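Lettering of chains follows the sequences in order, A, B, ..., and the numbering in each one begins at 1. Every value quoted in this text rests on a predicted model; they were computed, and no experiment measured them.
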There are 2 protein chains.
Amino acid sequence: MTERDGGRRDLAAMLSQVMRALGAVELPVLDAHGVSMWGYVVLTALRESPVRTQAALAEAIGADKTRIIGTLDELQEAGLIVRERDPADRRARLLSITEEGREVHSSTQADIQEKENRLLAMLPPDDRRGFLNAIEAMSALPREDIVAMAEPPGGGARR
Amino acid sequence: MTERDGGRRDLAAMLSQVMRALGAVELPVLDAHGVSMWGYVVLTALRESPVRTQAALAEAIGADKTRIIGTLDELQEAGLIVRERDPADRRARLLSITEEGREVHSSTQADIQEKENRLLAMLPPDDRRGFLNAIEAMSALPREDIVAMAEPPGGGARR
DNA sequence: ACATATAATACGCGCTCGCTTATTATTGTC
DNA sequence: GACAATAATAAGCGAGCGCGTATTATATGT
């Protein structure tokens, strides 16, 4: 807010820094729990709700459907997920989390959030609340919505 | 805040979503201005202050010193930066931004921040303020500090 | 003078990822 | 039944990246 033209630094630049630091904090936690990053992301998603196809899961978590197969293989092998053909459509795989997967996810998430809480504790309460509200809101939006939102208002007529 | 164990989603997960969306918003802007992502990052850094060695620049922007050489080559070729040997130590390169580099950076940043402002406008003012304060604070900290902060307080005795 | 350290540079290795293609099995439509 | 579409799967390609190595030039320390 001192010598910058726009009055603030670029969001992406700042967030990129924060993300990198968070990675340094959290990846070792995943390692310690024997879960890969994508494995953890999959567990998180399946914990919220089972899915009917791998493609749907991939889309939900922003992964490439052709690349999560290995991750699913590992999770299935480790007994953390169930992956079976849908009797109603044998092309599809029903994916859900096992009880063990739920436990692994819980303990991992507890450790992760404990560390995150420590970071959040450095912020004044109002800023913390605002920050959490903001990223909750933004992360809940589909990417296309965010892209559209960033366009000039008159840009809609270009469609 | 409904059915989650910890009461909130993982920061890293949410921020990762936001970052991806921001990428979709901002990378085309960089393209339109003929600047690569790392090129823009370098211009941003040199605009704040010149540096004395490429290694120092790389460290400041979180890049790999062996990999930014190509980027520096391009920026120098395009007349956006000055890169000359330090007369006081011929091993080192003095790096600074040119007037043209400043202009390219300014127009790029204006477009980027305009888009970011549109996104920020979706947030209630308090949340926006809190969010910006938070990421400014967090992104200003060295990564090691953040990692250390995430450790349990008693962990210090382990050193 | 010589040993050691430093800065830039080029490049290798292994890994990840976005995207694409091709194949097999299965389902849906005409 | 034929054909198009769909789901999973494997793998290729190119790009990017973290990290490491090696080389050359230069500076510093003994």
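Note: CD (B/E74) to P (C/dT9) measures 14 Å, nearest angstrom. The nearest whole Å value for the distance from the CD1 atom in A/I69 to the P atom in D/dA8 is 8 Å. As a whole-Å value, the separation of A/D73 CG from D/dA10 P is 6 Å. One interatomic measurement links the two molecules: CD of B/E59 to P of C/dT6, which rounds to 14 Å at whole-angstrom precision. Straight-line distance from the CG atom of A/L72 to the P atom of D/dA8: 9 Å, rounded to whole Å. Following rounding to the nearest Å, A/I68 (CD1) and D/dA10 (P) show an atom-to-atom distance of 12 Å. The nearest whole Å value for the distance from the CG atom in A/D64 to the P atom in C/dC17 is 10 Å. If you take NZ of B/K65 and P of D/dC17, they are 18 Å apart, rounded to a whole angstrom.
Looking at A/H33 and A/D111, their side chains come closer than 4.5 Å, going by heavy atoms from C-beta outward. Between B/I112 and B/Y40 there is a side-chain heavy-atom pair separated by less than 4.5 Å.
Under the 3.5 Å distance criterion, with hydrogens and angles disregarded, a donor-acceptor pair is assigned to the side chains of A/R83 and A/Q54.
Exactly one residue among A/V42, A/I81, A/I61 makes a side-chain contact (heavy atoms from CB on, under 4.5 Å) with A/T71. That residue is A/V42.
For A/T66 against D/dA11, a side-chain-to-base donor-acceptor contact under 3.5 Å is present.
Using a 4.0 Å cut-off between charged nitrogen and carboxylate oxygen, B/R8 and A/E136 do not count as a salt-bridge pair. A/D89 and A/R52 are joined by a salt bridge, as a carboxylate oxygen and a charged side-chain nitrogen come within less than 4.0 angstrom of each other. The pair B/E151-A/K115 meets the salt-bridge criterion, since a charged nitrogen lies less than 4.0 angstrom from a carboxylate oxygen.
Between A/R20 and A/L95, it is A/L95 whose nearest contact on DNA chain D lies nearer the 5' terminus.
Contact check, A/W38 against C/dT16: no side-chain N or O comes under 4.0 Å of OP1 or OP2.
Looking at heavy-atom distances under 4.0 Å, A/R83 makes contact with sugar-phosphate atoms alone, never a base.
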Legend entry - Footprint string (nucleotides 24-30 of chain D, 5' to 3'): B base within contact, S backbone only, - free, heavy atoms under 4.0 Å: --BS---
